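From a predicted model like this one, the values you see are computed outputs, not experimental measurements.
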Amino acid sequence: MTVTERLNALRALMKEKGVDAYLVPTDDFHASEYVGDYFKCRKYITGFTGSAGTAVITMDMAGLWTDGRYFIQAAQQLEGTTVELFKMGEPEVPTIHEFLKEKLTEGMCLGFDGRTVSAAEAEELKELLSDKKIRFSVEEDLIGEIWTERPALSCEPVMELDVKWAGESRAEKCARIRRKMNEKQADVFVLTSLDDIAWLLNLRGNDIHCCPVVLSYLVLTEEEVLLFANEKAFDQEILANLKKDRVVLKPYNDIYTYVHTIPAGKTVILSKANANSRLVNSLPAEIKIFDEENLTLLPKAIKNHTEIENERIAHIKDGVAVTKFIYWLKQNVGKMEITELSAAEHLFQLRKEQENFLDNSFDPIVSYGGHAAICHYSPSPETDIPLEPKGLALCDTGGHYLEGSTDITRTIALGELTEKERKYFTLVLKGHLHLSDAKFRYGCCGQNLDYIAREPLWRLGEDYNHGTGHGVGYLLNVHEGPNSFRWKSSSAVLEEGMITSNEPGYYVENEFGIRHENLIVCKKAEKTAFGQFMCFENLTMVPFDLDAIDPELLDTYEKGLLNSYHAEVYEKISPYLTEEEKNWLKEYTRAI
């Protein structure tokens, strides 16, 4: 069916069910950023394939809300459909809530699948629309009723992450979380976030593409750990190990009936921002709910000594693969056919050569020319284009290793550049270098530091429509909270051991895109009479392309930062290269 035919089928069902507006978020049942094929209802009903967006369908219109990363992509993919693009955060563009408040009239019905909307969001909507006496229909999955060829729920094999990689056993982690529960006088911890469950139990899976998580829910009490998942995904050895650690496996969907049996008077701690509304509404009315961020959130984000040491190893392996890739690309572009897809595949094969490599950490973003202006463009057979010996190619890629996850962007000069390309390549690099060298008082958050990276662009009245950085998980989600660099909102204190990306950029529609990204780990610097100071260490070890830099735009301090970084890259990466590659790297990490 076409998008128009799907919308017509949905509207017919909405009319039958008495639903006036239907909300279709990107989420699965766990508030995951990326979702498995079974959960891609928003993609199915609109045709938009980006990782972030929400659709609202009424009887006379369909709208898609997405953020600045996807404005160009969404406009292209919605062209020819009746779906209207709402650019989130832009002037005079209503939020979804503002739109619903205006669009819905007295007594109308708003529908959504209660498993895909968080309890916090559902409560906010009910409060927002209470004065209009809006009814809610949240028990049915209307998209599922018209999606005749819907993929099955994923059930990929589960693996255990050994303590030599995780640095802490699941028994130790559960004991840590139980101590937090006791401090808060909570009897039951209900955990629905897939990466938090994977971290807590030292389990990894493949139920979401490039996200090594297992479809599951978890309940932790003083006496037991209940894991709600598909038993077919676990081999006998893992089942035995779980049993030894008093982890009881129950069917995936039994979570809804289980939480209804929690005895009256008990105190449950959960995050309504993550737990879906149907689950929270299944809890007995007689219990007490503590609604706060997951108790696992900070422990997961603050990497332990073992994890950080392993990540340093992972980034050397990744640095070898990406450095070899840049050398290959520069040597061969224009001499053999290389497309966005074939370049991405070549880099994947180079990563596969590294010991303990498991998979890409996200779909590779290899984009040439105007494609690179689409921040999160990933090539497909329909969009794939050749790379030519001129202009810039943006390569944002990453890998999962047993030693951790990587995420790196390098913008590569394939040949002759315009003055404009060289100028903005250098300005973005200035901001990147400044942030990597930041020193700050403990207690600062990403909001305090985001300006450092944007300042060279802001000084010219320029900017980019995405955050400057996000947390990264350990062999987990490549986007991990709570740490980030965002000037509008980033309230998490930067703690020692947090790994965050440093990735300012600049994009000109239909011309080019530039992004420079390293992963950096937060560390303690000196402690003075003013308090504890903090700094960052670069984990990523890959050169920046000297062919694209305008040295006249870098001051002495910035050149010193770049030269020092390049000297470290050469020292750590060159031992793993061929003689030709090593000679090339020596030239490409020369002091300027």
- Task: Check the side chains of N483 and T500 for a donor-acceptor pair under 3.5 angstrom, ignoring hydrogens and angles.
- Result: yes

- Would you check, one step at a time, whether the test salt bridge (charged side-chain N to carboxylate O under 4.0 Å, His left out) holds for D113 with R278? CA-CA 8 Å; D113 181 349; R278 186 182 297 183; 3.6 Å; yes

- Do L13 and E145 come within less than 4.5 Å of each other through their side chains, counting heavy atoms only? yes

- Item | Validation row: V190, L279 side chains within 4.5 angstrom (heavy atoms) | yes

- Query: If you measure only the distance, is there a donor-acceptor pair under 3.5 Å linking the side chains of S32 and D28?
  - Reply: yes

- Query: Would you say the side chains of E33 and H470 form a donor-acceptor pair under 3.5 Å?
  - Reply: no

- Item | Whether over 12 other heavy atoms sit under 6.0 Å from E102 CD | no

- Report yes if the side chains of V138 and R115 come closer than 4.5 Å at any heavy-atom pair, otherwise no. no

- Query: Does any donor atom in the side chain of H434 or Y451 lie under 3.5 Å from an acceptor atom in the other side chain?
  - Reply: no

- Item | Minimum side-chain heavy-atom gap F112-S277 below 4.5 Å | yes

- Would you give the length of the straight line joining atom CG of D27 to atom OG1 of T54, rounded to the nearest 0.5 angstrom? 7.5 Å

- Please find out if less than 6.0 Å separates the ring center of Y70 from that of F48. yes

- Atom pair CG/CD of L129 and E124 - distance to nearest 0.5 Å: 10.0 Å

- Roughly how far, to the nearest 0.5 Å, is OG of S216 from CD1 of I197? 3.5 Å

- Might you point out which heavy atoms bring G481 and A301 nearest each other, and give the distance in Å? O-CB, 3.7 Å

- Message: For a quick check under 3.5 Å, do H400 and N360 share a side-chain donor-acceptor pair by atom type?
- Response: no

- Can you check side chain to side chain contact (heavy atoms under 4.5 Å, CB included) on I255 and V219, steps first, answer last? CA-CA 9 Å; I255 183 66; V219 174; 3.8 Å; yes

- Message: Tell me whether D141 is salt-bridged to R150, with the criterion being a basic N under 4.0 Å from an acidic carboxylate O.
- Response: yes

- Message: For F39 and F29, I'd like to know if the aromatic rings sit close, meaning centre-to-centre distance below 6.0 Å.
- Response: yes

- Just checking, is any N or O donor in the side chain of R351 or T397 under 3.5 Å from an acceptor N or O on the other one? yes

- Would you find a donor on one side and an acceptor on the other, under 3.5 Å apart, between the side chain of T26 and the backbone of G53? yes

- Message: If only side-chain N and O atoms count, and only distance matters, is there a donor-acceptor pair under 3.5 Å linking T383 with Y377?
- Response: yes

- Message: So that I know where these two stand, are F99 and W65 an aromatic pair - ring centroids less than 6.0 Å apart?
- Response: yes

- Between the side chains of Y256 and N276, does any donor sit under 3.5 Å from an acceptor? yes

- Task: State whether a side-chain donor-acceptor pair under 3.5 Å links D384 with T339.
- Result: yes

- Salt-bridged, K420 to E511, with N to O below 4.0 Å? yes

- Taking it one step at a time, do Q73 and T49 satisfy side chain to side chain donor-acceptor pair (under 3.5 Å)? CA-CA 9 Å; Q73 178 181 338; T49 62; 3.1 Å; yes

- Report the distance from atom CD1 of I134 to atom CG of L100, rounding to the nearest 0.5 Å. 9.0 Å

- Query: Is there a donor-acceptor contact under 3.5 Å linking the side chains of E340 and S378?
  - Reply: no

- Message: When you measure from the side chain of E455 to the backbone of I452, do you find a donor-acceptor pair of N or O atoms at a distance under 3.5 Å?
- Response: no

- Task: Applying ring-ring contact (aromatic ring centres under 6.0 Å, His included), name anything that partners F136, two or more places apart in sequence or on another chain.
- Result: none

- Query: Should the pair E517-R515 be classified as a salt bridge under the 4.0 Å nitrogen-to-oxygen rule?
  - Reply: no

- Message: Looking only at side-chain N and O atoms, does S380 offer a donor or acceptor that is under 3.5 Å from a partner on E382?
- Response: yes

- For Y424, which residues count as a ring-ring contact (aromatic ring centres under 6.0 Å, His included) partner, sequence neighbours excluded? Y506

- Output yes when a side-chain donor or acceptor of R69 lies under 3.5 Å from a complementary backbone atom of N465, and no otherwise. no

- Inspect the surroundings of CD in E5 and state if more than 12 heavy atoms from other residues, nucleotides or ligands are less than 6.0 Å away. yes

- Item | Ion pair E462/R454, N-O distance below 4.0 Å | no

- Heavy atoms of Y44 and M1 approach each other most closely as OH-CE, 3.3 Å

- Message: As a test of understanding, state which of F228, Y252, Y217 forms a ring-ring contact (aromatic ring centres under 6.0 Å, His included) with Y258.
- Response: F228

- Query: For C109, which residues count as a side-chain contact (heavy atoms from CB on, under 4.5 Å) partner, sequence neighbours excluded?
  - Reply: V19, D20, R135, S137

- Message: Can you confirm if the aromatic rings of H516 and F425 lie within a centre distance of less than 6.0 Å?
- Response: yes

- Are a donor atom and an acceptor atom from the side chains of N294 and T296 found within less than 3.5 Å of each other? no

- Pair D131-K101, salt bridge (charged side-chain N to carboxylate O under 4.0 Å, His left out): steps then yes or no: CA-CA 10 Å; D131 61 334; K101 177 78 170 175; 2.9 Å; yes

- Does a donor on one side chain sit under 3.5 Å from an acceptor on the other, for E503 and H432? no

